[in-house]
Amino acid sequence: MAAPTPPELHSAPGGPGAESLSALAPLRQPDYRILWSIWLTANVCMWMNDVAAAWTMTSLTSSPLLVALVQTASTLPMFMLGLPSGALADILDRRRYFIATQFWVAAVALLLCAAVLADAMTPALLLALTAANGIGLAMRFPVFAAIVPELVPRAQLPAALALNGVAMNASRIAGPLIAGALIASAGSVYVFVLNAALSLFSGALLIRWRHVHRPSPLGRERLLSAMRVGVQFVRQSARVRATLLRTVIFYAHSIALLALLPLVAQALARGAASTFTLLLACMGVGAIAGALLLPRLRLRFSRNALIVGGTLLQGAASGAVALSGNTALAGLAMLVAGVVWMVVANSLTVSVQMALPDWVRARGMSIFQMSMMGASALGAAVWGQVASMAGVQASLLISSACGAAAMLAVRWLAADLSLEEEDMTPTHEIPAPVVEGAPAAGHVQITIEYRIDPARAAEFRLVMQESRRSRLRQGALSWELMRSVTAPGCYIERIVDESWTEHLRRFDRVTKADVALRDRKIAYHLDAEAPKVTRCIIDIF
């Protein structure tokens with residue numbers, strides 16, 4: 001998915017001056033070429049597994065709810081495990097972590113093979129194994145999102161993101177086509193066999209990848225602490241919150257089309273597995289067309305306009321699929337749905353990427369994944385239940401109308417994505433404190449004493465609200481602003497860090513905006529000397 005280069009993305013070693021900036025230039029980087037091939041293969045396997053599992057469920061039961069729950073089982077683990085996987089991707093050796101995910105997916109595919117061959121498959125077992133496959137997908141997404149900026153020079157990142165989009169959407173076509181051909185000719189079991197073989201092959205490629213893991217001089221973050229900091233960053237970022245809200249709305253409603261598509265295909269004239277595959281392929285072609293249209297669309301429309309307009313068009317396309325009486329009309333509507341799905345999904349992803357610094361990128365992308373997959377899992381279950389009560393056609397029409405209404409409402413009532421984008425690149429302009437015998441344990445309390453003009457107290461407090469958001473985004477445990485009772489104009493900013501090591505980490509996360517904010521705070525300080533800073537260890541008795 002082509003996207004503007006976020007300023008906070010760091011570049012790989014080596015300057016881009018001598019590098020070609022063509023669309024295929026990243027593939028000249030051996031490491032990126034290997035990872036891109038694995039990403040393409042992994043996405044083909046994902047689509048093959050989804051198609052085979054959904055069609056297998058239709059052979060086991062006629063319940064619309066159980067068919068729709070296949071999508072829920074596939075996406076729910078990504079919601080449940082997204083944050084831990086993102087934290088692990090930020091603190092562990094990403095190569096080994098990625099290898100583990102590939103072999104996990106291969107093992108699940110082998111279990112699916114065994115269950116089908118033994119004629120032991122049931123709806124409950126299929127949902128359980130689909131969920132197990134979803135665990136592998138949940139662990140894989142954040143680590144790949146965090147690795148890509150390390151593999152290519154910064155100037156080639158837009159091309160690398162575009163190639164990632166090509167891989168994702170080519171797999172949307174190839175995966176269903178391969179799965180459909182295998183299901184029609186040999187049966188679903190051979191789809192699972194091929195999935196296992198491809199996953200094992202990808203794992204073998206990763207073993208050959210010579211990635212150098214560079215641990216932080218401060219050591220690894222603890223898992224729970226890393227998860228807390230990731231959530232805290234998202235909570236304190238208005239841009240990320242605004243994007244996540246739109247993500248939930250879009251996926252919770254648009255997922256109805258994918259979740260109920262097997263039943264739509266069966267209801268069409270001569271509906272069969274090949275019809276289902278064709279409709280998915282039409283959506284994949286539309287998604288690739290959407291990727292090609294994105295540069296022109298970005299020149300004409302704001303990102304927010306693309307998200308809102310795309311949601312409305314997606315709802316219209318979903319309604320057209322519901323009302324179509326033949327495969328040709330349904331395929332055309334799916335083509336349009338693929339275009340707008342790509343436009344909206346890319347706009348949401350770019351918004352998140354541009355709001356995340358490198359040090360929390362995997363965690364931020366995992367939370368984005370959680371919102372996307374959680375909304376998809378819930379939406380699939382809800383619209384499947386609506387289809388059970390009112391019919392597939394009614395469910396698709398209601399989901400389209402509700403999605404459009406919700407996105408229009410949030411456009412006017414919630415935070416806007418036109419907020420000024422902040423450069424999230426760390427500057428290291430504020431030096432970390434150096435002390436002898438740094439404490440090994442205990443929370444760290446930092447107090448900063450300001451003396452200001454009482455007449456400007458209201459202005460100062462507004463600036464300190466920004467300071468609160470900044471400190472908490474960096475990972476502080478808590479923040480308070482205290483005002484002296486006996487000395488008007490004396491304010492004390494109090495920050496608590498989890499440990500001395502976590503206190504030092506915050507200095508590695510300071511951006512240019514944080515430096516400018518510090519200067520704005522100091523401008524209110526009346527004394528000739530700088531504000532007094534005191535650091536203490538909090539003893540617990």
Side-chain angles (χ1 to χ4, degrees), residues 1 3-10 78-92 94 97-98 137-151 154 157 160-161 164 216 220-248 250-251 303 307 345-376 415 417 419-426 469-476 502 505-506 508-511 513-514:
M1 290 173 281
T5 305
E8 69 276 8
L9 291 178
H10 62 77
M78 299 188 189
F79 173 75
M80 300 296 293
L81 300 176
L83 184 56
S85 65
L88 289 171
D90 274 332
I91 63 180
L92 295 180
R94 289 169 177 166
Y97 188 53
F98 207 168
L137 303 181
M139 306 303 279
R140 183 170 61 200
F141 176 84
V143 67
F144 183 80
I147 282 174
V148 171
E150 300 179 4
L151 304 178
R154 179 170 178 162
L157 275 171
L161 293 174
N164 292 348
S216 168
R220 291 179 181 174
E221 293 181 73
R222 294 185 299 107
L223 179 59
L224 293 179
S225 177
M227 292 168 59
R228 174 188 65 80
V229 172
V231 172
Q232 207 162 276
F233 183 94
V234 168
R235 288 184 61 189
Q236 300 303 324
S237 172
R239 174 168 290 278
V240 175
R241 292 199 316 271
T243 304
L244 293 183
L245 179 58
R246 286 158 174 79
T247 299
V248 168
F250 177 73
Y251 283 96
R303 201 175 298 142
I307 293 171
N346 177 267
S347 299
L348 292 167
T349 303
V350 170
S351 293
V352 173
Q353 285 276 17
M354 295 187 73
L356 292 171
D358 287 336
W359 61 269
V360 76
R361 182 171 306 282
R363 279 166 280 185
M365 292 306 295
S366 71
I367 293 173
F368 172 69
Q369 171 191 268
M370 288 170 63
S371 66
M372 180 173 61
M373 296 304 175
S376 297
L417 290 181
L419 296 168
E420 183 179 354
E421 292 180 349
E422 178 183 337
D423 183 355
M424 304 302 294
T425 307
R469 289 190 290 270
S470 173
R471 308 286 194 190
L472 293 177
R473 278 196 311 181
Q474 293 167 358
E502 297 306 312
R505 288 191 204 279
R506 287 204 294 110
D508 291 335
R509 300 165 180 173
V510 172
T511 66
D514 295 324

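Quick caveat: nothing in here was measured; it's all calculated off a predicted structure.
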Contact between [X] and [Y] at the side-chain level, heavy atoms closer than 4.5 Å - yes or no?
X      : Y      : result
Val360 : Pro357 : yes
Arg509 : Val229 : yes
Gln474 : Arg505 : no
Leu348 : Phe368 : yes
Glu221 : Glu502 : yes
Met139 : Tyr97  : yes
Pro84  : Met227 : yes
Phe98  : Ile147 : yes

Working to the nearest 0.5 Å, report the span between [atom1] of [X] and [atom2] of [Y].
X      : Y      : atom1 : atom2 : result
Arg471 : Asp514 : CZ    : CG    : 8.5 Å
Thr247 : Ile307 : OG1   : CD1   : 7.0 Å
Ser347 : Arg303 : OG    : CZ    : 7.0 Å
Leu244 : Arg239 : CG    : CZ    : 12.0 Å
Leu83  : Leu88  : CG    : CG    : 9.5 Å
Met365 : Thr349 : CE    : OG1   : 5.5 Å

Which atom of [X] lies closest to which atom of [Y], heavy atoms considered:
X      : Y      : value
Ala355 : Val240 : CB-CG2, 3.6 Å
Ala226 : Ala87  : CB-CB, 4.0 Å
Val143 : Ala89  : CA-CB, 3.7 Å
Val248 : Ala375 : O-CB, 3.5 Å
Leu472 : Gln232 : O-NE2, 2.9 Å
Leu137 : Arg140 : CD2-NH2, 2.6 Å

Output all residues satisfying ring pair (Phe, Tyr, Trp, His ring centres under 6.0 Å) with Phe250, sequence neighbours left out; order by chain, then residue number.
-> Trp341
Using modelled atom types only, decide if a donor and an acceptor are shared between the side chain of Ser366 and the backbone of Pro142 within a distance under 3.5 Å.
-> no
For the pair Ser237 (side chain) and Phe233 (backbone), establish whether a donor and an acceptor sit closer than 3.5 Å, ignoring hydrogens and angles.
-> no
Arg363, Arg220, Arg222, Arg361 screened by salt bridge (Lys or Arg N to Asp or Glu O under 4.0 Å) with Asp90, the one that passes = Arg363
